[in-house]
Amino acid sequence: MLTSYLSAALRAFVTHKQHFLLNVFGLAVGLAAAILMALFARFEASVDAHQPHFEHTYRLSQHFREMGVNAPITNYYAAQEVAKNGAVEDIFALKMHPRLSGDFSAHGNYYKMKDLFATGTNITDFVALDVLFGDLQRTLSAPNRIALSEHEAIRIFGQANAIGETLSKGQTTYTVTAVFADLQDNTHFAFSGLVAMQDENPNYQLNNFYVYVRFAADADIKAEQARFAEAYPELVYPDQPLGFVTLSFEHLPGIHLHSNSRYELKENGSYTVVLISFSLSILLIVLAAFNFINMSIAQSAKRAKEVGVRKALGASKAQIINQFLVESLLVTSVAAVLACALLELALPAFNQLVGRTLVINYFSEFGIILVAVVVSVGVLAGAYPAFFMSAFSAKRVLSGDIQRGRTAILVRKLLLTLQASLSIALIIGAFSLHQQLSHLQSLAVGYEKQYRLEVDDIPARQLYFKHNSVLNQRINAVPGVISSSITDASFTSSFNTSFTVTSDNGELNDAVIPFIGVGFNIAETAGLEVIAGRDLSADYGSDWHSLGDDGNGRAGVLVSQSFVKVAGYESAEQAIGKELYSSSGDNQEVFKIVGVINDVTIGSAREASASPLILVCGFSWANQGKFIINFEPSQLNAVKTQVQQIVSDQLNVHNADIELVADNYRALYKNDERVSTLVAIFCILAILLTCLGTFGLAAFSTLRRQKEVAVRKVLGASRLSIVNLLAKEFLLLVAISTAIAFPLTYWLVGDWLANFNERIDQAMWFYVVAAALVAMITWLTVASLAFRAASTRPSLTLRYE
């Protein structure tokens, strides 16, 4: 019997080639796209789910209220102290240290190692590491030993087994005593080298650790978080006001999708992107199934006589149903094979788009899920057409009556209406995403993004603790350099430091204000707008921070317009010359306001807003600093080359990162751009699938109304009028789809835009264009079939009447 069903199905495919090819193509495209989305969503959702004891592991994170900064960087010693009295089973840390960053030398060459951390021997209780060579525990138990990742070992020494090789930094030489496999992509951890974390006297003021805590399985996490949140600030910030910092826990498997910080070990993902990807995956499968149903029902009208003959020859209803279900499963199976082929072709480009390394293993649970989806789609999508066709009355069909009841027509129209609604919503979403990102890119953020370079990873002590005028002179002398300055924080990132400030007018009293350590000419170089006073300048020696005999410091500062307001000065001009005071222990810093600048938005406009800011000349608490360079656009490559050489010669920094500020700013919205691109691509696919669904329904409608078309032609109707007549019911469905899509889309897009401090207003022309585009595509699709029907000679249709 199965052989009979298969042979009949193959004959039907050969006879109805167009129907078969359209069904296979629609299903294949829908399945391939859905699988891509599902692969990505599954990968993102599984990040760090393979780590030891991940269910009970949390990372400590701080929120600095005054600066509006989230930082997963905390103090290990304070966390250890707080952990003693609770349900903590173990605590682990990755320590950043200025001695571990920068250039290392090996065999006479310099190598930049950015992801090198100090850690303890319990790292393998928190991170899944595969040690390829050597002994990791021994490495992390003694100083001057280093463990490298396989990639780093090959990059530096040309082979994975680098045991016994040495790396030097300054006066310290490290011996490679372990090599571990590169970390998997599906983890938020990122390190290429590890050294031992030495026992030191606890310093509770150092925030340079990524700290992870594992709790007992029966621990009350809320109670533990409350305990940490109360005890930790008392140890680390005893002199700060209550609420200055809030400590929280981040569940290990949720860090990748939910942590929002510029200080992550590597770029995190986005829960929104995963949610959209999962939704698109389901959506595309549903659209493909809708098309299958519509195309099959449309084709059933052509196969009605075949069904009638089968019934007249004794075929039972069950046999008819089985026949068409077999055909449905064959179509989905062929489509699945083609989908896998399309998947393999599209995967490299998709990996590049999403920035991941996704792979497909057909002999894993993925293969089982794929088979289950194919069978489910085949059965569910083929069930309605099968029951629809098996219900034909042989007598009615063979007498020429192939009309069906209203239920079938309503089902088909409902499916098409839903498809068109989704297409309209996706088009509006794609427009809105693109416009919002363009708006963010063009925002006035208070500094200049174009034609500015940042030279990172410069030891701050070489920039701030001794002012090197020769270095500035050499950089400014480079052809194409307009001006240069220094800073200890990037305007595209976030604040690094703050201090308590008291103003001379008494309006501010130990207020916590963010500050950035800068150099001379910072306003000119970074493109800051000075609205009162002047820029920091080498012409005024008192601008640069200096210590007096009494141990107190003095420096010139620039303040933002927002600071002028909170400090109670009536105008920017009135603030010029005023003094600010900041106490640290027994010493005091005195800052003289020499200029007021327009407000600066630090970081992403999604979260950030203009806040009070102080730029202090020649003063920094940071470990690393950077140059910022204003250059002539035509000289970019030459400037980068010469600046790199100067930094290498003057500061012995051989592999400094030199980046465009504009690129760093765009990187802030990388996840949003990813969402925009995904929505745009799958918007096109949804429209394509909707067109196939429209084609199927239009084919059925045209066939059903052939005699009406012929009669109208005999009575003198033009081709265009007939086309519009047949297209009218489809345009009505689009109008209904529009009424459904508009309010739902307005709410969803508005909810997404609410995440931004700076956002566009939803323009009605987005909605009008989306509806008009879907209506036009629908009309063209229907018109392609209707025109052919209108061009058929009436005598060919009416000759048997």
Quiz item: Where is the tightest heavy-atom contact between Ile154 and Ala160, given as atom of each residue plus distance?
Solution: CG1-N, 3.7 Å

Quiz item: With no hydrogens and no angle check, is any side-chain donor or acceptor of Ser277 less than 3.5 Å from a backbone partner on Val273?
Solution: yes

Practice problem: Please determine which of His188, His251, His256, Gln184 meets the side chain to side chain donor-acceptor pair (under 3.5 Å) test together with Asp48. | Solution: His188

Practice problem: Please answer whether the main-chain N or O of Ala128 pairs with a side-chain N or O of Gln51 as donor and acceptor at a distance below 3.5 Å. | Solution: yes

Quiz prompt | Pair Asn351-Thr357, side-chain donor/acceptor within less than 3.5 Å | solution = no

Exercise. Determine, stepwise, if the pair Tyr111 / Phe104 fulfils ring pair (Phe, Tyr, Trp, His ring centres under 6.0 Å).
Key: CA-CA 5 Å; Tyr111 300 92; Phe104 283 71; 9.8 Å; no

Exercise. Of all the heavy-atom pairs spanning Ile458 and Val653, show the shortest one and how long it is.
Key: CD1-CG1, 4.3 Å

Self-check item: Ile516/Phe619 under side-chain contact (heavy atoms from CB on, under 4.5 Å): CA gap, chis, key distance, verdict
Solution: CA-CA 8 Å; Ile516 298 176; Phe619 177 79; over 6 Å; no

Self-check item: Evaluation steps, side chain to side chain donor-acceptor pair (under 3.5 Å), between Glu89 and His56
Solution: CA-CA 10 Å; Glu89 288 188 343; His56 312 300; over 6 Å; no

Practice problem: Give a yes-or-no answer on whether the side chains of Thr246 and Gln62 include a donor-acceptor pair shorter than 3.5 Å. | Solution: no

Exercise. Determine whether the side chains of Ser149 and Ser192 contain a donor N or O and an acceptor N or O closer than 3.5 Å.
Key: no

Quiz item: If you round to the nearest 0.5 Å, how far is CZ of Phe591 from CG of Leu615?
Solution: 11.5 Å

Practice problem: Please report the closest heavy-atom contact between Val236 and Ala78, naming both atoms and the distance. | Solution: CG2-CB, 3.5 Å

Exercise. Find out whether the Lys NZ or Arg CZ of Arg214 is both under 6.0 angstrom from the six-membered ring centre of Phe126 and within 45° of the ring's axis.
Key: yes

Quiz item: Does any non-hydrogen side-chain atom of Phe215 lie less than 4.5 Å from one of Ile221?
Solution: yes

Quiz item: Where is the tightest heavy-atom contact between Gln644 and His654, given as atom of each residue plus distance?
Solution: OE1-O, 3.7 Å

Quiz item: With a 4.5 Å limit on heavy-atom distance, are the side chains of Thr177 and Arg138 in contact?
Solution: yes

Quiz item: Salt bridge check: are Lys84 and Glu81 linked by an N-O gap of less than 4.0 Å?
Solution: yes

Quiz prompt | Test item: Leu116 and Val195 side chains (from C-beta on) under 4.5 Å apart, heavy atoms | solution = yes

Practice problem: State whether a side-chain donor-acceptor pair under 3.5 Å links Ser490 with Thr492. | Solution: yes

Exercise. Test side chain to side chain donor-acceptor pair (under 3.5 Å) on Thr121 and Ser141 and set out the steps.
Key: CA-CA 7 Å; Thr121 56; Ser141 301; 5.4 Å; no

Quiz item: Between Asn268 and Ile255, is there a donor-acceptor pair closer than 3.5 Å when you use the side chain of the first and the backbone of the second?
Solution: yes

Quiz item: Is there a side-chain contact (heavy atoms from CB on, under 4.5 Å) between Phe92 and Leu94 once you walk through the steps?
Solution: CA-CA 7 Å; Phe92 154 72; Leu94 290 170; 3.8 Å; yes

Quiz item: Salt bridge check: are Glu264 and Arg59 linked by an N-O gap of less than 4.0 Å?
Solution: yes

Quiz item: Can you tell me how far the CG atom of Asp456 sits from the NZ atom of Lys626, to the nearest 0.5 Å?
Solution: 4.0 Å

Exercise. Supply the atom-to-atom distance Asp182 CG to Asp185 CG, rounded to the nearest 0.5 angstrom.
Key: 9.5 Å

Exercise. Any chance you could measure Leu148, atom CG, to Tyr174, atom OH, to the nearest 0.5 Å?
Key: 12.0 Å

Quiz item: Is there side-chain contact between Lys222 and Gln225, with heavy atoms separated by less than 4.5 Å?
Solution: no

Quiz item: Any donor-acceptor pair under 3.5 Å linking the side chain of Asp599 with the backbone of Ser562?
Solution: yes

Quiz prompt | Enclosure of Glu230 CD (heavy-atom neighbours >12, cutoff 6.0 Å) | solution = no

Exercise. Assess whether ring pair (Phe, Tyr, Trp, His ring centres under 6.0 Å) is satisfied between Tyr665 and Phe491, documenting all intermediate values.
Key: CA-CA 9 Å; Tyr665 187 78; Phe491 293 124; over 10 Å; no

Quiz item: Rounded to the nearest 0.5 Å, what separation is found between the CG atom of Leu613 and the CZ atom of Phe515?
Solution: 10.5 Å

Quiz item: Heavy atoms, side chains only, cut-off 4.5 Å: are Leu453 and Phe627 in contact?
Solution: no

Quiz item: Taking C-beta and beyond as the side chain, do Val88 and Phe228 meet within less than 4.5 Å on heavy atoms?
Solution: yes

Quiz item: Checking Thr525 side chain against Ile628 main chain: does a donor-acceptor pair fall under 3.5 Å?
Solution: no

Practice problem: Please answer whether the main-chain N or O of Ile760 pairs with a side-chain N or O of Gln436 as donor and acceptor at a distance below 3.5 Å. | Solution: yes

Quiz item: Is Ile156 close to Met113 at the side-chain level, that is, under 4.5 Å between some pair of heavy atoms?
Solution: yes

Quiz item: Does a side chain donor of either Asp488 or Gln624 reach within less than 3.5 Å of an acceptor in the other side chain?
Solution: no

Self-check item: Interatomic spacing from CG in Leu140 to CZ in Arg145 - rounded to 0.5 Å
Solution: 10.0 Å

Self-check item: Side-chain (Glu659) to main-chain (Asn664) donor-acceptor, under 3.5 angstrom
Solution: no

Quiz item: Counting N and O atoms only, with roles assigned by atom type, does the side chain of Asp90 sit under 3.5 Å from a partner on the main chain of Asn122, one being a donor and the other an acceptor?
Solution: no

Quiz item: Ignoring hydrogens and geometry, is there a side-chain-to-backbone donor-acceptor pair from Tyr204 to Glu234 under 3.5 Å?
Solution: no

Practice problem: Please determine which of Tyr232, Phe117, Phe209 meets the ring pair (Phe, Tyr, Trp, His ring centres under 6.0 Å) test together with Tyr76. | Solution: Phe209

Quiz item: Closest heavy-atom contact between Met197 and Ala93?
Solution: CE-CB, 4.4 Å

Quiz item: Any chance NE2 of His53 has more than 12 other-residue heavy atoms, nucleotides or ligands included, within less than 6.0 Å?
Solution: yes

Quiz prompt | From Phe249, Phe189, Tyr58, residue fulfilling ring pair (Phe, Tyr, Trp, His ring centres under 6.0 Å) relative to Tyr212 | solution = Phe189

Practice problem: Determine the interplanar angle of the Phe350 and Phe40 rings, folded into 0 to 90°, and report it as parallel if under 30°, tilted if 30 to 60°, perpendicular if over 60°. | Solution: perpendicular

Quiz item: Between Val616 and Ala555, which heavy-atom pair has the shortest distance, and what is it?
Solution: CG1-CB, 4.0 Å

Practice problem: Give a yes or no on whether Gln198 atom CD has more than 12 heavy-atom contacts from other residues, nucleotides or ligands under 6.0 Å away. | Solution: yes

